Amino acid sequence: MKKILPKGHKKLLNAWAFYDWANSVYNLTISSAVFPIFWGALTITKDDDGTIINDTVRFLGYDFNNDSLISYVTALAFLVVSIISPLLSGIADYVGNKKNFLKFFCYLGALSCIGLYFFDLDLNEDPDYLWFGLLCYFLALIGFWSSLVFYNSYLPDIAFPEQQDAISAKGYSLGYIGSVILLILNLIMIMKYDWFGFENEWMPMKISFAMVGIWWIGFSQYTYYHLPKGNKKDVLTKAVVFNGFKELKMIWKSLKQDKRLRRYLGAFFVYSMAVQTIMLIATYFGIEELDWGEQNATTGLIISILLIQLVAVLGAILTSKASSKFGNINTLIVINIIWIGICIYAYTVTTPNQFYVTAAIVGLVMGGIQALSRSTYSKFLPKDAIDTASYFSFYDVSEKIGIVIGMFSYGIIAQVTGSVRYSILFLILFFVIGLILLFRVPKTNS
């Protein structure tokens, strides 16, 4: 019989953090690096000089800017996640099968990534493949982010408060390292496609999508082996759905009485809206707004994403140390100020070298703000909280609804202006509001 590891056990903490190693390859390859480049090649027509002559995609009988279409699909997927995650997390806590939910959404996301292998490159020959490709992209996103609801909710279950900052940062660090390893392998296949007997770089790109799914399923098994099922309360009944809503109502009442947690969630909702949108649009910005000259845009963009991931490891570690010295909220305030500076500078970026500089700074604060935001929320939870999945559903829903607003705003501005630069300027407003709200978070709940 498998030995159940006690809370705070090193092996249990490492097994939890290792899921970041397994799933972060989706975030890097699908969300940030290879798929955006693949989508650009699929939907953008250029002349011999590399000038864009058409970036319009016809879908559902309407013409969309290619960036706007993918942003709308992304926003819709996040909207679905924000609707189902509170219900699912409430159910998971009630019946005590949190791990089964984590597995289901992991496999949904991973198999959808594998499905992207069959996304045809030539829409002119068979435009129906656009439906299939966008559906796989849509389901992969739902699988990834829904699994994180249950993954994050394990943090207060498996780690004591004094362990949570460090293990949260370790999870992100493992995720960055693992995803970089796979992306380097993919980059070699894409850049040196002739070594592997391919005629061009498109087939290696599609193979990289399948590799993400296989990696995700394979490495997550170590996490599943050691994680407990959850806090079992009762057997599955018809009333379980309503009990999910009941728990959400209880958490809402708790939040109304907890000024610190409520104000922190408000600040997180606003600044996360900007952070997540920037992470999702960075590569699309590089594809359409930069003059790559004689450089290979595909190689340059993937190198930029790699740079972000490598620096993000350092950022997560430094932020963890800074929070222990200066406090979580003070550290988040400084990081938000840096983000405002990044947005101002990004608006002026036109060359690859400027883009690399921006990517390095983004990586430094991206890893830090993600890890610290998660652990800050965990530390602010009531000490007697049992239904941690329901609490974390509020955290995740705040993030997802913020992304929906951010991506729709980005898509509308890109559609109207034809430029991502104005969207970057608009995001400054979110950071400024988030900064003001962070100043209003009290140090204690008294």
Side-chain angles (χ1 to χ4, degrees), residues 19-20 22-40 42-43 59 64 66-89 101-119 130-152 175 179 182-183 205-206 208-217 220 272-273 275-284 305 370 393 395-411:
Y19 186 70
D20 262 314
N23 74 357
S24 292
V25 292
Y26 163 84
N27 224 7
L28 184 56
T29 299
I30 307 298
S31 293
S32 302
V34 181
F35 183 80
I37 297 170
F38 184 83
W39 175 256
L42 190 74
T43 57
F59 187 61
F64 294 90
N66 69 318
D67 281 349
S68 296
L69 177 58
I70 199 67
S71 70
Y72 295 149
V73 174
T74 302
L76 182 60
F78 276 115
L79 182 61
V80 171
V81 173
S82 68
I83 292 172
I84 67 173
S85 61
L87 176 62
L88 291 177
S89 54
F101 281 93
L102 176 59
K103 285 183 177 180
F104 172 80
F105 285 108
C106 163
Y107 298 150
L108 173 66
L111 292 175
S112 297
C113 290
I114 294 172
L116 284 173
Y117 171 83
F118 302 100
F119 195 177
L130 181 61
W131 277 96
F132 178 77
L134 289 178
L135 178 62
C136 287
Y137 173 83
F138 179 82
L139 293 176
L141 191 153
I142 290 176
F144 174 77
W145 286 100
S146 295
S147 75
L148 289 186
V149 174
F150 303 98
Y151 171 59
N152 288 338
S179 56
L182 183 60
L183 186 60
M205 284 187 179
K206 297 206 287 185
S208 71
F209 303 150
M211 291 175 68
V212 166
I214 295 169
W215 177 292
W216 189 355
I217 291 174
S220 65
S272 178
M273 187 186 307
V275 171
Q276 296 294 339
T277 301
I278 289 173
M279 291 169 58
L280 289 166
I281 70 171
T283 305
Y284 299 101
I305 299 300
Q370 287 183 300
S393 74
Y395 175 87
D396 286 293
V397 166
S398 296
E399 184 178 49
K400 304 310 172 293
I401 293 179
I403 294 173
V404 171
I405 296 172
M407 291 303 293
F408 267 119
S409 300
Y410 158 73

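Worth saying up front: this structure is predicted, and the values here are computed from it rather than measured.
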Taking the side chain as C-beta and beyond, is there a heavy-atom pair between [X] and [Y] under 4.5 Å?
X	Y	answer
I405	T277	no
F119	F209	no
I217	L111	yes
I84	F105	yes
L280	S31	yes

How many angstroms lie between [atom1] in [X] and [atom2] in [Y], if you round to the nearest 0.5 Å?
X	Y	atom1	atom2	value
Q276	Q370	CD	CD	5.5 Å
S147	N152	OG	CG	9.0 Å
I403	S409	CD1	OG	12.5 Å
N27	S179	CG	OG	8.0 Å
W216	I114	CH2	CD1	10.5 Å
S208	L182	OG	CG	8.0 Å

Could you pull out every donor-acceptor pair under 3.5 Å between side chains of residues 134-146 and any protein atom, sequence neighbours left out?
residue: Y137; atom: OH; partner: T74; partner atom: OG1; Å: 2.7
residue: S146; atom: OG; partner: I142; partner atom: O; Å: 2.8

Do the rings of Y72 and F64 sit parallel, tilted or perpendicular, given the 30° and 60° boundaries? perpendicular
Which heavy atom of [X] sits nearest to which heavy atom of [Y], and what is that distance?
X	Y	result
L116	G133	CD2-O, 3.5 Å
A75	V404	O-CG2, 3.3 Å
M273	G406	CG-N, 3.9 Å
K206	Y117	CD-O, 3.1 Å

Donor-acceptor pair, side chain of S220 and main chain of Y19, under 3.5 angstrom: no
Counterpart residues, side chain to side chain donor-acceptor pair (under 3.5 Å), relative to W215 (two or more places apart): none
